[in-house]
Protein chains: 2
Amino acid sequence: MTGVLVVDDDQHLLKALRITLQAHGYAVETAADGEAALIAASRNPPGLVVLDLGLPDMDGAAVLRELRRWSSAPVLVLSARHGSSDKVDALDAGADDYITKPFGLEELLARLRALLRRAPETAEPSTVDTAEFSVDLGRRMVTRNGEPVRLTPTEWSILELLVRNPGKLITQQQILATVWGPAYEKEANYLRVYMAQLRRKLEADTGNPRHLLTEAGIGYRFRP
Amino acid sequence: MTGVLVVDDDQHLLKALRITLQAHGYAVETAADGEAALIAASRNPPGLVVLDLGLPDMDGAAVLRELRRWSSAPVLVLSARHGSSDKVDALDAGADDYITKPFGLEELLARLRALLRRAPETAEPSTVDTAEFSVDLGRRMVTRNGEPVRLTPTEWSILELLVRNPGKLITQQQILATVWGPAYEKEANYLRVYMAQLRRKLEADTGNPRHLLTEAGIGYRFRP
DNA sequence: GACCGGCGTTAAGGATCCGTCAAGATTCCG
DNA sequence: CGGAATCTTGACGGATCCTTAACGCCGGTC
């Protein structure tokens, strides 16, 4: 069940939103001012925030910025102000959507659904394992059968790019641009040399690689 | 540079948006109706779509649903209709934001920034499945009965174009122009060779294809 | 029933791309 | 300054891919 934090100083609106949201299956928490909102958010990190800009104690934009320092939850801003600059400021401060009062509850719910549809963020793993070797992205270390493997900086850059996108085909241009810079996109020769090097260090059978695969004419692919 | 596809039947608005967006560093492509929009999107997948709901040839919501079958790019809907149900329908059909005409360009740009912030060059994890094989557009990978299928670059280009327009008839000229370039629109022979190749790799019974269908005299069609 | 255009299939040739090796150039570090 | 590690460059055989041509099949037409 998704947790929603509603921040507004209008007690009536707060109550109405709580009831409506709970009826639609959200776990609702409320706050009436900016300070309470930040405390509530840190105590019980919400999956989504509905934030009124007109708060008694502090600017709504300030709440937004504080929140954005550690939370990446989607924020939908409510406001009575129709001005274009208000909207631009709020959106650029980190808000994900902005609707003006008065608004329809149906529209609010639809916008919440749209925001939550984008929400499920994947925390990337710090290590990637295969049957034969293991790559620790945080420590910048590779082990094979428990033994550490020495990689040169260039070798590591290529391997990291491939391993961070498991199963995805990475074009030669992407690798060359990432590792050597955009000016080297034609030097496909480098890649051949370094892929051979990587396979010699990581693959059991260099002739039949099982994890560092070639896609002729396009690029390479890492298969976990 | 992020690619934005703008779909609207109002030539004036189209031109104004193109100029404004280009001035802000986006690569802009435009389409005046739903069909052109879907072709343009599959030919050059955009990072973001601005879609007018009032199109001459098909319902804007239908365009949205077709696009959502393979693309996860954020979609901002433009509309002249203020009704709550219109907004709810569009948002639930897969749109990420909805603004009504007339709108301020500054607000539009701010909303685009907010959307792109959420989907930073999203590696489209979109896949299209059939009963026998599955096409992972983001990873550029095809699996059949769980086993990966090796496709050459040309084979992939053709399959990608067809799969990104499920159920839609693609003419031979469109395929040839997209894969080999506009100068090869007469080389229908290439297509026969490669369609046979694709069917041999993907279809159970190449004589009776179930997903890669021929439309004699016109072109080909992908049926999910 | 013969002709004909469009399609599917196959295979061979040539062009392109890849893996490999090794030697020279460069950078790094004591 | 000198040695070691790393990077660059070029060349070669082999693998992969694209092109091209030929042939059989099917459906429509006269």
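Proteins come first, then strands; the chains are lettered A, B, ... in the order of their sequence lines, and each starts at number 1.
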Check each of B/Glu187, B/Arg192, B/Lys186 against B/Asn189 using the side chain to side chain donor-acceptor pair (under 3.5 Å) test, and report the only one that passes. B/Arg192
Do NZ/NE/NH1/NH2 and the carboxylate oxygens of A/Arg68 and A/Asp96 come within less than 4.0 Å? yes
In whole angstrom, give the distance that lies between atom CG of B/Asn189 and atom P of C/dG8. 11 Å
Among D/dG10, C/dC7, D/dC18, which nucleotide sits nearest the side chain of B/Thr152? D/dC18
Could you tell me whether A/Tyr184 contacts a base, only the sugar-phosphate backbone, or nothing, with contacts defined as non-hydrogen atoms closer than 4.0 Å? nothing
Interatomic distance where CD1 belongs to A/Ile158 and C1' belongs to D/dC7 [whole Å]: 11 Å
A/Arg200 CZ - C/dC21 P separation (whole Å): 6 Å
note: B/Lys201, atom NZ; C/dT10, atom C1'; distance rounded to Å ~ 15 Å
Does a side-chain N or O of B/Tyr194 approach OP1 or OP2 of D/dT20 to a distance below 4.0 Å, or not? no
Of the nucleotides D/dT20, C/dT9, D/dC7, which has the atom closest to the B/Tyr190 side chain? D/dT20
Quick one: which of C/dG8, D/dG10, D/dA21 gets closest to the side chain of B/Val193? D/dA21
Please state whether the phosphate of D/dC18, meaning OP1 or OP2, lies under 4.0 angstrom from any side-chain nitrogen or oxygen of B/Trp180. no
What's the closest nucleotide to the A/Thr214 side chain, out of C/dG19, D/dT8, D/dT19? C/dG19
Find the distance B/Arg192:CZ to D/dC23:P and express it as a whole number of Å. 15 Å
Under a 4.0 Å threshold between the charged nitrogen and the carboxylate oxygen, would B/Arg210 count as salt-bridged to B/Glu132? yes
Please state how far atom CH2 in A/Trp156 lies from atom C1' in D/dT6, giving the value in whole angstrom units. 18 Å
Tell me what B/Gln172 touches on the nucleic acid: a base, only sugar-phosphate, or nothing, going by heavy atoms under 4.0 Å. sugar-phosphate
Rounded to the nearest Å, what distance is computed from the CD1 atom of residue A/Ile218 to the P atom of nucleotide C/dT16? 16 Å
Please tell me which of the listed nucleotides, D/dT6, C/dT9, C/dC18, lies nearest to the side chain of A/Ala216? C/dC18
For A/Arg150 and D/dT6, is the shortest distance between a side-chain N/O and OP1 or OP2 below 4.0 Å? yes
Taking the basic N atoms (NZ, or NE/NH1/NH2) and the acidic carboxylate oxygens, is any pair closer than 4.0 Å for B/Arg111 and A/Asp97? yes
Taking only Lys NZ, Arg NE, NH1 and NH2, and the carboxylate oxygens of Asp or Glu, determine whether B/Arg69 and B/Glu66 approach each other closer than 4.0 Å. yes
Rounded to whole Å, how long is the line connecting atom NZ of A/Lys186 with atom P of C/dT16? 15 Å
